[in-house]
Amino acid sequence: MSRTNPPHGRVGRPPVTSRTQIITVARRLIDESGWAKLTIRGLAAELGIGATTLYHHVRDKEDLLLLLIHEYAQQIPHPEPSDEPRDRIIAAATSIHDALTEWPLSAEVLTGDRFISRLSTPALRLIEEILSGAVDHGCTPEQAVQVFRDIWYFTVGEVLIRDHSADGPEAEAEAEAEAEAEAEAGTEAETGAGAEKVPAVDGGAFVNDLDPEQLPLLTALNDRWTALAARDTYPATLGILVDGLLAQAAPPAARNRTR
């Protein structure tokens with residue numbers, strides 16, 4: 001009489017539950033489809049495991065996001081130490097800017113103070129560097145917080161505006177094509193008075209139909225506005241901002257060192 005061999009366990013792809021693989025797959029899905037479309041169930045399916053198994057590693061999407069931010073922060077290179085407080089502030093702010101630019105979603109997430117307060121030590125070290133640089137320059141701890149806050153707002157705003165404007169021309173071209181198609185369809189079906197066609201924005205102009213008498217400077221700069229706005233002025237502007245913040249926040253003795 002033949003004997004049936006006992007089952008040897010699950011057949012097929014084994015469950016993947018390592019932290020590294022979860023982070024890798026989550027980052028790939030976010031890059032492909034965006035954070036809004038990512039779900040715990042979808043991530044679990046992509047990993048080949050059940051959602052219940054994945055919940056042993058992350059409680060929800062917010063917990064997953066913090067895991068991604070923590071992992072990403074550990075990979076951010078930290079600047080070489082400097083004896084000059086101003087240089088330390090500039091270097092730390094630049095590292096933050098470059099990291100946020102590389103992954104703009106992190107900037108979106110960290111606009112909420114509750115997320116900053118939950119960051120791990122590697123991510124907080126750059127903030128500590130800015131605070132200590134301001135204090136070593138002569139600021140009070142309270143003033144150092146204001147210095148960081150203003151640098152942070154400037155940096156995040158610059159990153160997000162550039163990221164949201166990155167596909168501006170393509171989006172405008174698509175909207176223009178749709179408007180032209182709708183206008184043509186409306187003309188063919190027109191039976192009464194003609195509908196007014198909204199003029200498309202010239203691809204080389206910032207704004208159409210400017211009145212040069214009321215807006216002379218905008219009119220003069222209109223054709224060059226997009227190119228001028230696309231220039232990377234962050235390093236130079238950061239230096240000006242830091243100098244101004246330190247000069248206003250520091251006591252008179254420290255201010256004399258900046259002159």
Side-chain angles (χ1 to χ4, degrees), residues 12-79 92-130 148-149 151-175 178 229-230 232 234 238:
R13 184 168 56 179
V16 179
T17 56
S18 76
R19 170 182 172 138
T20 300
Q21 288 172 307
I22 291 172
I23 290 173
T24 301
V25 174
R27 278 294 304 269
R28 176 172 59 80
L29 293 177
I30 292 170
D31 292 340
E32 290 175 353
S33 305
W35 169 253
K37 293 184 179 180
L38 180 68
T39 64
I40 294 295
R41 289 186 178 278
L43 175 59
E46 193 70 18
L47 289 165
I49 61 177
T52 303
T53 302
L54 185 55
Y55 279 123
H56 288 302
H57 297 269
V58 291
R59 295 188 299 272
D60 48 32
K61 278 189 67 175
E62 181 175 305
D63 196 39
L64 172 63
L65 192 54
L66 283 170
L67 178 64
L68 291 168
I69 295 292
H70 290 162
E71 183 72 15
Y72 185 62
Q74 292 178 358
Q75 303 171 21
I76 298 174
H78 286 257
T94 301
S95 293
I96 292 174
H97 172 268
D98 292 348
L100 296 180
T101 300
E102 185 70 22
W103 194 30
L105 174 64
S106 59
E108 295 273 9
V109 173
L110 295 174
T111 52
D113 288 338
R114 65 193 182 94
F115 280 103
I116 293 181
S117 65
R118 293 171 62 182
L119 290 176
S120 58
T121 299
L124 294 174
R125 279 169 52 198
L126 290 172
I127 299 177
E128 176 73 16
E129 196 68 24
I130 293 176
F148 165 74
R149 175 184 176 276
I151 293 173
W152 173 250
Y153 282 14
F154 164 62
T155 300
V156 171
E158 204 268 352
V159 169
L160 292 181
I161 289 174
R162 286 193 177 277
D163 179 62
H164 293 171
S165 303
D167 58 353
E170 290 80 359
E172 289 179 4
E174 182 179 348
E178 292 179 357
D232 182 12
Y234 179 81
L238 175 64

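- In terms of the side chain to side chain donor-acceptor pair (under 3.5 Å) criterion, residue partners of Y234 (sequence neighbours excluded) are, by chain and number, T155.
- Between T53 and L47 the shortest side-chain heavy-atom distance does not fall below 4.5 Å.
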**Item:** CA sep, side-chain torsions, deciding dist, call: I76, E102, side chain to side chain contact (heavy atoms under 4.5 Å, CB included)
**Value:** CA-CA 10 Å; I76 298 174; E102 185 70 22; over 6 Å; no

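- A heavy-atom distance below 4.5 Å is not found between the side chains of D31 and R28.
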**Request:** Take L43 and V58 through the side chain to side chain contact (heavy atoms under 4.5 Å, CB included) test and state the conclusion after the steps.
**Result:** CA-CA 11 Å; L43 175 59; V58 291; 5.7 Å; no

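- Here the NE2 atom belonging to H97 is positioned 6.0 Å from the CG atom belonging to D232, to the nearest 0.5 angstrom.
- Heavy-atom contacts from other residues, nucleotides or ligands closer than 6.0 Å to CZ of R59 number 12 or fewer.
- The pair E129-R125 does not count as a salt bridge, with every side-chain nitrogen at least 4.0 angstrom from each carboxylate oxygen.
- Side-chain N or O atoms of K61 include one that pairs as donor or acceptor with a backbone N or O of W35 at under 3.5 Å.
- Distance check: L54 CG to R41 CZ gives 10.5 Å after rounding to the nearest 0.5 Å.
- Considering I96, D163, V159 as possible partners of T101, the one that fulfils the side-chain contact (heavy atoms from CB on, under 4.5 Å) test is V159.
- The shortest distance between side-chain heavy atoms of I127 and W152 does not fall below 4.5 Å.
- L67 places none of its side-chain heavy atoms less than 4.5 Å from the side chain of D63.
- Taking 4.0 Å as the cut-off between side-chain N and carboxylate O, R27 and E71 do not count as a salt-bridged pair.
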